[in-house]
**Student:** 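Below is a structure I'd like to ask you about.
In this text the structure is predicted, and so the values were computed from the model without any measurement.
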Amino acid sequence: MKAIRRFTVRPVLPEPLTPLADLARNLRWSWHAETRELFQSVDPDGWQAAGGDPVRLLGAVSAARLAELSGDRRFLRRLAVVTADLDDYVNGGRWYQSHESGAELPAAIAYFSPEFGITAALPQYSGGLGILAGDHLKAASDLGVPLIGVGLLYRHGYFRQSLSRDGWQQEHYPVLDPNELPVSLLRDADGTPARVSLSLPGGRALHAHIWQARVGRVPLLLLDSDVEDNDAPAREVTDRLYGGGSDHRLLQEMLLGIGGVRAVRTYCDLTGHPAPEVFHTNEGHAGFLGLERIRELEGEQGLGFDAAVEAVRAGTVFTTHTPVPAGIDRFERSLVARHFGEGGELPGVPVDRILELGAESYPGGDPGVFNMAVMGLRLAQRANGVSTLHGAVSRGMFAGLWPGFDPGDVPITSVTNGVHAPTWVAPEVVRLGVRQIGPGRTEDALSVGGSRRWDAVADIPDQDVWDLRRVLREQLVQEVRDRLRASWLQRGAAEAELGWVDSVLDPDVLTIGFARRVPSYKRLTLMLRDPERLRRLLLDPDRPVQIVVAGKAHPADDGGKRLVQELVRFADDPRVRHRIVFLPDYGMAMAQKLYPGCDVWLNNPLRPLEACGTSGMKAALNGCLNLSVLDGWWDEWFEPDFGWAIPTADGVGTDEERRDDLEANALYELIEGRVAPRFYDRAGRIGLPVRWIEMVRRTLVSLGPKVLAGRMVREYVERLYAPAALAHRALTPDAARDLAWWKGRVRAAWARVGVDHVEALAAAPVNGTAELGSTLTLRVQVSLDALTPDDVEVQAVAGRVDAQDVIRDGRAFPLKPSVGPDLEGRWVYEGPLALDRTGPFGYTVRILPAHPLLATPAELGLLAGPSETDTAGPGPGVVLR
């Protein structure tokens with residue numbers, strides 16, 4: 001008989017145990033070993049049954065056990081210590097509070113993301129974007145950064161994955177009861193649930209409650225549309241992550257962005273938390289937050305639309321995570337217009353101006369769509385990619401928004417992602433670190449970094465490193481067997497036919513891991529290009545290899561599901577199933593066992609389509625070596641001392657089949673010729689693979705401090721958040737109006753701005769050559785129309801030129817006005833140009849808008865240069881000797 005309603009009955013904690021409730025509701029337990037150990041001691045069997053979730057544990061523990069613990073002095077002493085530690089962690093000063101910039105740092109930052117991977121006990125993530133967002137919050141908490149996280153509470157989360165008998169992915173959407181999750185309702189002063197509301201076309205409304213999770217010091221606000229006052233479609237808006245059609249997704253993103261800003265305002269009003277000075281949108285899904293802030297400024301401070309845009313841009317940071325246009329959310333303009341038109345949301349904000357913000361108004365753009373990433377870039381004065389290579393890819397991908405600028409001048413920087421070490425480093429690795437460098441220093445090294453602390457790893461004896469790796473591999477083998485057995489039972493197998501599972505994998509065999517989402521560009525099945533060769537690798541009598549694979553395809557991606565099925569069918573082969581396994585339902589709990597237990601982490605995307613690839617970072621922190629295409633973070637930090645680079649066949653053009661064949665062959669050769677021989681080379685002292693162990697050690701010493709989320713968040717604070725806060729403060733209402741007026745004046749005049757003539761005076765090249773170290777003096781005549789030298793910057797840009805006379809790695813030299821204006825608004829500029837590099841050399845001249853409140857001269861996307869007929873323009877360049 002099925003219940004018509006479900007709710008949770010919780011035991012009442014005895015008074016001495018009441019701190020357990022606060023410990024369970026603060027997700028710091030998910031990365032704090034002492035807190036987890038305390039909860040495990042409450043009921044070891046119950047802890048296992050609860051999947052390591054303290055909230056579920058306390059909901060199931062017996063009253064008799066609680067009464068017993070309330071009189072257990074030893075347990076109460078441990079409880080007091082852990083409670084005091086959390087209080088000190090939450091309320092004590094940390095890195096941010098002692099930063100030398102002090103008052104220049106923002107009082108608060110609102111961080112918006114469509115998904116957050118904090119812990120498996122709060123399944124609100126699908127993959128890397130959510131895990132990155134969760135690690136960002138945790139690292140911000142460790143550093144004391146006053147972040148407020150904003151997302152959605154999905155009643156079905158993402159999906160749980162299983163396999164059919166023939167290996168086809170199947171999706172399941174369990175219902176999540178917020179009352180059984182580590183979250184609590186935000187309530188108004190009178191005790192009623194706080195909520196936000198959006199207006200929908202046709203007189204409908206979308207209401208949402210605000211659930212709060214505590215991530216250490218950081219509050220995470222999650223909006224939930226399953227509210228009784230909503231009609232049925234509105235209640236389903238937050239049903240599942242990345243589900244539904246365009247209208248459904250648009251409503252999710254409106255609720256995240258617009259409703260999220262309203263939730264932040266409500267939270268700050270109720271709790272006294274400082275209001276955010278900076279808003280950070282993690283991908284374009286939350287881009288509508290800028291529109292809500294425009295509405296606020298127009299209505300509350302009386303700013304016009306253009307001035308409000310300037311004020312919003314100043315305090316906004318936008319992070320793009322996708323290297324391909326197909327990964328960006330785009331909606332039909334008519335759909336957006338309907339939701340923001342008459343009777344819709346944001347009354348008073350002109351719908352035509354809203355549509356302009358997301359318009360693909362550049363060559364190759366689609367005039368019929370509204371692009372969320374384009375809006376995100378237009379409403380953020382600061383933007384970044386998530387690795388150095390991805391920053392370059394992003395500058396090229398979005399260059400159409402800055403016409404005339406070289407990709408290198410497009411104002412998108414990069415902050416390479418990091419991972420939260422206390423979450424992802426195995427306890428055994430932490431214990432070894434504590435033994436080597438001490439508990440306090442180990443905690444600091446994992447959370448904050450510091451190369452000198454990581455250098456201490458170099459002194460760990462070889463035997464200890466190898467013993468640790470063997471223990472972690474053995475744990476993975478047992479985890480794989482348990483999960484594989486459960487998977488086969490789900491696929492319809494009988495227990496009697498699964499005896500072979502007990503011999504799957506070997507704790508002494510080289511173990512390669514591959515786990516991630518399954519879009520085609522990540523090439524899950526590249527390892528299967530030559531099945532016979534892979535079988536030989538797996539079954540090699542002297543140097544065998546074993547592979548653990550996991551990953552989910554998007555529910556709507558049948559192509560990805562076919563890749564999963566192809567891999568599963570290969571792994572089902574009785575000849576190799578003890579050497580290669582596919583584990584369904586990849587998630588945080590599995591990942592925390594998988595990363596430490598693998599010897600090698602494999603990543604073989606189509607370069608440069610991997611924005612960062614943080615799974616390899618998590619593996620590296622556990623002493624696992626990376627074997628990867630030079631993409632994402634590996635392109636930036638790879639060294640032969642601690643891993644291998646898979647060669648890429650970049651020269652084969654669009655022939656993807658040939659490219660895959662060549663790169664698969666390179667992968668096989670690396671494993672056969674370099675990876676496996678090094679693992680099995682026991683010629684060193686006492687039978688240890690000394691060279692392998694040294695690579696493990698170099699991975700920890702060299703990569704450890706770099707791949708930390710603490711390093712990443714510090715970069716965000718110093719390079720993006722702090723400048724954004726200063727810009728926000730500078731954009732007072734009057735300053736915002738002045739800046740908007742100035743931009744309008746510059747745009748109106750720009751068509752008549754240009755470089756009329758360029759000539760070299762002193763030390764002019766002779767016969768096309770000049771001496772290294774000499775200086776050219778340039779004289780330039782420019783037309784500024786109604787603008788003045790205060791409105792522009794005139795620059796000479798010089799550097800080496802290629803065969804097409806394109807300047808590479810150019811350097812800008814400012815020129816100063818010397819004469820002008822004449823009656824037609826022309827000015828003469830002069831300045832020196834240092835010839836500081838040998839070889840083919842060239843220069844050109846350009847004019848850019850200039851204003852003290854611009855973050856970069858490229859901000860307006862306006863650039864003027866020499867006319868095509870000016871022979872003193874870019875030209876063939878100057879050759880230096």
**Student:** Between atom CD1 of I412 and atom OG of S394, what is the distance when rounded to the nearest 0.5 Å?
**Tutor:**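 That separation rounds to 5.5 Å.
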
**Student:** Counting distance only, does the side-chain N/O of T281 pair as donor-acceptor with the main-chain N or O of G284 below 3.5 Å?
**Tutor:**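 Side chain of T281 to backbone of G284: no pair is present.
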
**Student:** Just verifying a value: how many Å separate L289 CG and R262 CZ, rounded to the nearest 0.5 Å?
**Tutor:**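 L289 atom CG to R262 atom CZ measures 12.0 Å (nearest 0.5 Å).
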
**Student:** Can you give me the closest heavy-atom contact between A725 and P106, atom names plus distance?
**Tutor:**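 The pair with the smallest heavy-atom distance is CB-CB, 3.7 Å.
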
**Student:** Sequence neighbours excluded, which residues qualify as ring pair (Phe, Tyr, Trp, His ring centres under 6.0 Å) partners of Y111?
**Tutor:**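 Once residues adjacent in sequence are excluded, the partners of Y111 under the ring pair (Phe, Tyr, Trp, His ring centres under 6.0 Å) criterion are H136, H280.
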
**Student:** Using a 3.5 Å distance criterion without hydrogens, assess whether the side chain of R249 forms a donor-acceptor pair with backbone atoms of H285.
**Tutor:**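 Looks like no, no N/O pair under 3.5 Å.
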
**Student:** With a 3.5 Å distance limit and no angle check, can you tell me whether D366 reaches the backbone of G368 through a side-chain donor-acceptor pair?
**Tutor:**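 A pair under 3.5 Å: yes.
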
**Student:** Just by distance, no angles: are the side chains of T316 and R293 close enough, under 3.5 Å, to form a donor-acceptor pair?
**Tutor:**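 Yes, R293 and T316 have a side-chain donor paired with an acceptor closer than 3.5 Å.
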
**Student:** Between the side chain of E715 and the main-chain N/O of V415, is any donor-acceptor distance below 3.5 Å?
**Tutor:**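 Checked: no pair found.
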
**Student:** Testing the basics here: between W402 and G861, what is the closest heavy-atom pair and its distance to 0.1 Å?
**Tutor:**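 Looking at all heavy atoms of both residues, the closest pair is CD1-CA, 3.6 Å.
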
**Student:** Distance from E253 atom CD to F112 atom CZ, nearest 0.5 Å?
**Tutor:**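 Rounded to the nearest 0.5 Å, the CD-CZ separation comes out at 13.5 Å.
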
**Student:** Judged by atom type as modelled, is there a donor-acceptor pair below 3.5 Å linking the side chain of R607 to the main-chain atoms of L630?
**Tutor:**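 Checking the backbone N and O of L630 against the side chain of R607, a donor-acceptor pair under 3.5 Å is found.
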
**Student:** Are the side chain of D406 and the backbone of D409 linked by a donor-acceptor contact shorter than 3.5 Å?
**Tutor:**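 Not at all, since once roles are kept as given, no pair shorter than 3.5 Å links the two residues.
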
**Student:** Are R729 and L726 side-chain neighbours, meaning at least one heavy-atom pair lies under 4.5 Å?
**Tutor:**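 R729 reaches L726 side chain to side chain.
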
**Student:** State, yes or no, whether a side-chain contact exists between V753 and V746 at a heavy-atom distance under 4.5 Å.
**Tutor:**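 They are not in side-chain contact.
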
**Student:** Identify the heavy atoms of L105 and V717 that sit nearest to each other, and give their distance.
**Tutor:**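 Reported closest heavy-atom pair: CD2-CG1, 3.9 Å.
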
**Student:** About how many Å separate CD1 of I294 and CD1 of I354, when rounded to the nearest 0.5 Å?
**Tutor:**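 These two atoms lie 8.0 Å from each other.
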
**Student:** Assess whether a salt bridge exists between E830 and K816, defined as any Lys/Arg side-chain N lying under 4.0 Å from an Asp/Glu carboxylate O.
**Tutor:**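 No.
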
**Student:** Could you list the residues that satisfy salt bridge (charged side-chain N to carboxylate O under 4.0 Å, His left out) with D650, not counting sequence neighbours?
**Tutor:**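 By the salt bridge (charged side-chain N to carboxylate O under 4.0 Å, His left out) rule, D650 matches R659.
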
**Student:** I need the L784 CG to D791 CG distance, nearest 0.5 Å.
**Tutor:**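 Answer rounded to 0.5 Å: 8.0 Å.
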
**Student:** Side chains of T319 and N384: is there a donor and an acceptor less than 3.5 Å apart?
**Tutor:**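 Their side chains do contain a donor-acceptor pair, which is all the 3.5 Å distance test asks for.
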
**Student:** Donor-acceptor pair, R382 side chain versus R719 backbone, under 3.5 Å?
**Tutor:**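 Here the side-chain-to-backbone pair does not exist.
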
**Student:** Is any side-chain heavy atom of F813 closer than 4.5 Å to one of Q795?
**Tutor:**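 Not touching, per the 4.5 Å side-chain cut-off.
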
**Student:** Any side-chain heavy atom of E718 within less than 4.5 Å of one from V713?
**Tutor:**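 Sidechains of V713 and E718: no contact.
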
**Student:** Looking at every heavy atom in both G348 and E298, which two are closest together, and how far apart are they?
**Tutor:**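 Minimum heavy-atom contact is O-OE1, 4.1 Å.
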
**Student:** Take E283 and T322, measure what side-chain contact (heavy atoms from CB on, under 4.5 Å) needs, and give me the verdict at the end.
**Tutor:** CA-CA 8 Å; E283 253 311 337; T322 179; 3.6 Å; yes

**Student:** Could you list the residues that satisfy ring pair (Phe, Tyr, Trp, His ring centres under 6.0 Å) with F279, not counting sequence neighbours?
**Tutor:**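 F279 satisfies ring pair (Phe, Tyr, Trp, His ring centres under 6.0 Å) with no residue once adjacent residues are dropped.
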
**Student:** Measuring from E296:CD to L303:CG, what's the distance to the nearest 0.5 Å?
**Tutor:**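 If I round to the nearest 0.5 Å, the distance is 11.5 Å.
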
**Student:** Please tell me if the side chains of L357 and L291 come closer than 4.5 Å, counting only heavy atoms from C-beta onward.
**Tutor:**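 Of all side-chain heavy-atom pairs linking L291 with L357, at least one is under 4.5 Å.
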
**Student:** Spell out, as yes or no, whether a donor-acceptor pair under 3.5 Å connects the side chain of E345 to the backbone of S199.
**Tutor:**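 Answer holds: yes.
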
**Student:** Within the 4.5 Å heavy-atom criterion, are L147 and Y716 side-chain neighbours or not?
**Tutor:**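 Result no, sub-4.5 Å side-chain heavy-atom pair not found.
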
**Student:** Mind listing the closest non-hydrogen atom pair of Y829 and L815 along with its distance?
**Tutor:**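 Taking Y829 first and L815 second, the nearest heavy atoms are CD2-O, 3.4 Å.
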
**Student:** Can you list every pair that meets ring pair (Phe, Tyr, Trp, His ring centres under 6.0 Å) and has a residue in residues 340-385, with sequence neighbours left out?
**Tutor:**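 Checked against ring pair (Phe, Tyr, Trp, His ring centres under 6.0 Å) - neighbours excluded - the pairs reaching residues 340-385 are F288-F340.
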
**Student:** Below 4.0 angstrom, N of the basic side chain to O of the carboxylate: do K743 and D306 qualify?
**Tutor:**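 No salt bridge links K743 with D306.
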
**Student:** Would you check if the side chain of W827 reaches a backbone N or O of P789 as a donor-acceptor pair within less than 3.5 Å?
**Tutor:**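 Such a contact is absent between W827 side chain and P789 backbone.
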
**Student:** Under the side-chain contact (heavy atoms from CB on, under 4.5 Å) rule, collect the residues that match up with L863, sequence neighbours excluded.
**Tutor:**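 Testing L863 for side-chain contact (heavy atoms from CB on, under 4.5 Å), a comparison that skips the adjacent residues, returns F405, R846, L848.
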
**Student:** So does R737 pair up with E310, basic N to acidic O under 4.0 Å?
**Tutor:**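 Salt bridge: no.
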
**Student:** Which one of D631, L132, N417 satisfies the side chain to side chain contact (heavy atoms under 4.5 Å, CB included) criterion with C612?
**Tutor:**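 Result: among D631, L132, N417, N417 is the only option passing the side chain to side chain contact (heavy atoms under 4.5 Å, CB included) with C612.
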
**Student:** Test of understanding: with ring pair (Phe, Tyr, Trp, His ring centres under 6.0 Å), list the residues that count as partners of H728, not counting sequence neighbours.
**Tutor:**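 Partners of H728 by the ring pair (Phe, Tyr, Trp, His ring centres under 6.0 Å) criterion come out as none, since no residue qualifies.
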
**Student:** side-chain contact (heavy atoms from CB on, under 4.5 Å), that's the test. Do E360 and V369 meet it? Break it down for me.
**Tutor:** CA-CA 7 Å; E360 294 186 351; V369 302; 3.5 Å; yes

**Student:** Is there side-chain contact between V393 and F398, with at least one heavy-atom pair below 4.5 Å?
**Tutor:**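 Contact flag for V393/F398 side chains = no.
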
**Student:** Partners of P201 by side-chain contact (heavy atoms from CB on, under 4.5 Å), sequence neighbours excluded?
**Tutor:**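 With neighbours one apart ignored, the set is R338, H339.
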
**Student:** Going by salt bridge (charged side-chain N to carboxylate O under 4.0 Å, His left out), name the residues that satisfy it together with E356, two or more places apart in sequence or in a different chain.
**Tutor:**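 For E356, the residues satisfying salt bridge (charged side-chain N to carboxylate O under 4.0 Å, His left out) (neighbours in sequence not counted) are R353.
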
**Student:** What residues form a ring pair (Phe, Tyr, Trp, His ring centres under 6.0 Å) with W742, not counting sequence neighbours?
**Tutor:**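 Partners of W742 under the ring pair (Phe, Tyr, Trp, His ring centres under 6.0 Å) test: H851.
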
**Student:** Main chain of L379, side chain of R313: is a donor-acceptor contact present, judged purely on distance under 3.5 Å?
**Tutor:**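 Side chain of R313 to backbone of L379: no pair is present.
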
**Student:** Sequence neighbours left out, what passes side-chain contact (heavy atoms from CB on, under 4.5 Å) with S387? Give chain and number order.
**Tutor:**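 S387: side-chain contact (heavy atoms from CB on, under 4.5 Å) contacts with L389, H390, T416, E636.
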
**Student:** Going by distance alone, is a donor N or O of one side chain under 3.5 Å from an acceptor N or O of the other, for S783 and D756?
**Tutor:**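 The criterion, which ignores hydrogens and geometry beyond distance, is satisfied for D756 and S783.
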
**Student:** The test is side-chain contact (heavy atoms from CB on, under 4.5 Å); show your working for V845 and V797 and say whether it passes.
**Tutor:** CA-CA 6 Å; V845 176; V797 179; over 6 Å; no

**Student:** Locate the shortest heavy-atom distance separating P276 from C268; write the atom from each residue and the value.
**Tutor:**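 Answer, listing the atom of P276 first, then C268: CD-SG, 4.2 Å.
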
**Student:** State, yes or no, whether a side-chain contact exists between L778 and Y843 at a heavy-atom distance under 4.5 Å.
**Tutor:**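 The answer is yes; the side chains approach within 4.5 Å.
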
**Student:** Would you please name every residue forming a salt bridge (charged side-chain N to carboxylate O under 4.0 Å, His left out) with D352, sequence neighbours left out?
**Tutor:**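 Checked D352 against salt bridge (charged side-chain N to carboxylate O under 4.0 Å, His left out); zero matches.
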
**Student:** Who passes side chain to side chain donor-acceptor pair (under 3.5 Å) against K706, sequence neighbours left out?
**Tutor:**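 Once residues adjacent in sequence are excluded, K706 has no partner under the side chain to side chain donor-acceptor pair (under 3.5 Å) criterion.
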
**Student:** Evaluate W634 against E610 for side-chain contact (heavy atoms from CB on, under 4.5 Å), listing each step before the verdict.
**Tutor:** CA-CA 10 Å; W634 193 236; E610 184 80 274; over 6 Å; no

